[in-house]
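For this chain, numbers begin at 1 and follow the sequence in order.
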Amino acid sequence: MLFLLLQAEMGMAFATDSHAARHAATLPYMLRAPAHFLLLSRYALPVLLIAVAALTACYVWDILQRRAKVEQEVRVRTHELDMALGSLAEANRGLEESELRFRRLVEELPLAMVVECHGRIVLANQVAVEMYGVDPVAADRTYSMMDFVAPDDLEVAREIVACMDRGEEHIAPLEGKLLRADGNALDIELFPSSGLYSGELARQIVFRDITQRKRGELENIRLSRAIEQAGESVVMTDAEARIVYVNPAFERISGYSRAESLGQNPRILSSGRQSAEFYAAMWKKLKAGESWTGRFINRRKNGTLYIEEATISPVVDREGCTVNYVAVKRDITVETDLQEKLNQSQKMEAIGRLAGGVAHDFNNMLMVINSYTELLASSLDEGDSRRRYTEKIHRAADRSAGLTRQLLAFGRKQSGNLAVLDCNAILGELSGMVQRLVSEKIEVRCKLTPGLLHIKADADQLMQVMLNLCVNARDAMPAGGVLTMSSRNCEDEAGFIELAVSDTGVGIPEEARTKLFEPFYTTKPQGKGTGLGLAIVYGIVQQLGGYIRVESEPAKGATFRVFLPSCSETPSGKAQAQTQAQAVTNPAGPCLVLLAEDEETLRLAIAEQLRRRGYQVLCAANGEEGLEALQSNPGVQVLVTDMVMPRMGGRELAMEASRQLPGLCIMLLSGYAEEHLDPVDCNGCPVVFLQKPFTLSTMVERLEQLRTSV
């Protein structure tokens, strides 16, 4: 404003002077003109002051404006700086927290983590330290990753290091072995990568210990191989009982392949032999979380039945819920069959012992009957009608003796007259007899194998075995059919021959096959059979060291296969069935006989017969009494003793008597099979055996033969 006023005054002063007005724009021109100078001097000082003041005011105002702007800029810059400092502090706090979280994450990581820069491990978390067995960062020496690589993995490790040095981001995980500081090795799975650490390219690996997992995998492989190669069936189902796994043994035993079984229910094996109650009880136990053990009768794919012993167990998860069922099953068909045969054999053995004991005691009674019948007959005249009664009694006793022989054969207490036999010849002779026994509706065939091996047996017993089997075959074909007798050498069982009788009859039901050889068991109508035929067959075959197999199905006939041990001996000439009795015209003379027999009536009958023949007889009821009689009578020449007696048996008595009296003649009597007592056991004394029952005349004849043989 001051400047404007000054300018106005100066304009008015110069307005009168046109020349000056023309040059009023410049100060130097006014100074050069004197008039102007005077005018100027008049107003110069005020103007100057005003100008100075104006300039000063302008300067001050400009300074104030500039200051205001600077202050405003300072405030803005200060605010921005404060904001920047706050952001920096926040960033620093975030960086510290991030680094803390990273370190905590690295330390708390369940996996091992290691970082390496310039060939030196600069970071290792606690898991890595524990796995290494040393802290590679804090240790006195410098460690690199390669220091902990197993020798076998060095080549692979170098390739991985090269990939990390090239900065490759994606490196496939791999497995290897870590070598601990103590020299032990661990199986590890590692994940290598590369990245920046403190602004530099670094190698980084994350790894974990898989030693237990590898061991578990190895155990699983071993378990899997064991299950795959096991002889027992292994079946696994899901919770709904759908098959999810079967092993090869299941395929082999059941006939169903794995592809056919998966997704199926185990009831595909059901035979229908187990009741609904059976399965209900089984599932009740399994649903309760318990294992079940029992037996199944199952059906194979081809329809045949087999017996399995199974253990089924539920498999539960961590929550206790059943997720699978595992069954381990064993085919026990053969074992069950063998057990049944063993039970049958033991039962037959017990019955045989009973039959043998009964027959032995019965033989003693028959000996009494026969002996007194002979004595009675010898006391009667030839024309006496009472002799006919004694003969009938004697014939009845003989028939009873035949029954005891059958019982002894069944009980394997009688070996018979063993000889080497040609079975083909016997079957050939038997075929004609069988043809006469059967009706004209039955065709008899004989299939004999040339070169059949020989056996050692009693010919009469063998004939009885085959004849009983043929009679059974005949009865099984009331409407006619084919009866076949055959023989062969067993190639699958060396040392045995097979004699078989087959028929095309009604067959044998399964429930009857288990009882065929039991005494008095028969499927024939009342009065048509005694039930002893097959029992006697069984006893004779067992006695000869053989066995019998039966193959039969209803309406498809039956085959009885008799297996007997063969021998390398050749048959001798045809033995005479009986030795003709020769009258003793020149007996060796009377002598003293010691008779030891526990059955009193038989002892008295034998003693009476011997006395009638001119022998002197001492009697004893057992072995001990016999020894006492020998000590009191050293002149005894013949010892006749029963083999089975109380207190001391005949074997012990004979051996002791032979030591006391060298040259003593010994005759052994028994209702059982021949007891072989070697003369060596009796100090070289002659020994003979006489099977009960026998006639008194036969005993006397054998006694005379024994005396004359000395």
Over all heavy atoms of both residues, which pair between [X] and [Y] is shortest? Give the atoms and the distance, please.
X: Cys685; Y: Ser658; answer: SG-CB, 3.7 Å
X: Tyr538; Y: Ile548; answer: CA-CD1, 4.1 Å
X: Pro686; Y: Leu706; answer: CB-CD1, 3.7 Å
X: Ser431; Y: Val444; answer: O-CG1, 4.4 Å
X: Val541; Y: Tyr547; answer: CG1-N, 3.4 Å
X: Gly623; Y: Leu653; answer: O-CD1, 3.6 Å

Side-chain ([X]) to main-chain ([Y]) donor-acceptor, under 3.5 angstrom:
X: His454; Y: Ser568; result: no
X: Arg603; Y: Glu597; result: yes
X: Ser486; Y: Lys447; result: no
X: Thr484; Y: Ser502; result: no
X: Ser552; Y: Gly507; result: no
X: Asp458; Y: Gln461; result: yes
X: Thr504; Y: Gly557; result: no
X: Asn489; Y: Leu453; result: yes

### Message
Within the 4.5 Å heavy-atom criterion, are Val334 and Leu338 side-chain neighbours or not?
### Response
yes
### Task
Check whether any side-chain heavy atom of Ser566 sits under 4.5 Å from a side-chain heavy atom of Leu564, and report yes or no.
no
Under the rule for side chain to side chain contact (heavy atoms under 4.5 Å, CB included), what residues qualify as partners of [X], not counting sequence neighbours?
X: Arg488; answer: Thr449, Cys490, Asp492, Glu498, Phe563
X: Ile393; answer: Ile369, Thr373
X: Ser632; answer: none
X: Glu652; answer: Met648

#### Entry: Residues forming a salt bridge (Lys or Arg N to Asp or Glu O under 4.0 Å) with Glu308, sequence neighbours excluded
Lys329
### Task
Could you walk me through whether Gln616 and Leu610 pass the side-chain contact (heavy atoms from CB on, under 4.5 Å) test, one step at a time?
CA-CA 8 Å; Gln616 299 176 7; Leu610 289 175; over 6 Å; no
### Query
Any ion pair linking Arg300 and Asp331 (charged N to carboxylate O, less than 4.0 Å)?
yes
### Task
Carefully, step by step, assess Arg612 and Glu608 under the rule salt bridge (Lys or Arg N to Asp or Glu O under 4.0 Å).
CA-CA 6 Å; Arg612 286 191 177 191; Glu608 177 66 20; 3.5 Å; yes
### Task
Not counting sequence neighbours, list each pair that qualifies as a salt bridge (charged side-chain N to carboxylate O under 4.0 Å, His left out) and has a residue in residues 547-558.
Glu493-Arg549, Glu551-Arg561, Glu553-Lys556
### Query
Given Met667 and Met699, is the side-chain contact (heavy atoms from CB on, under 4.5 Å) satisfied, shown in steps?
CA-CA 9 Å; Met667 174 177 284; Met699 186 196 72; 3.8 Å; yes
### Message
Could you check whether Asn298 and Ser271, counting side-chain N and O atoms only, form a donor-acceptor pair closer than 3.5 Å?
### Response
no
### side-chain contact (heavy atoms from CB on, under 4.5 Å) between Ile455 and Leu462, intermediate numbers included
CA-CA 10 Å; Ile455 66 168; Leu462 183 61; 3.9 Å; yes
### Query
Can you list the steps and then say if Leu592 with Asn633 is a side-chain contact (heavy atoms from CB on, under 4.5 Å)?
CA-CA 9 Å; Leu592 182 59; Asn633 301 274; 4.2 Å; yes
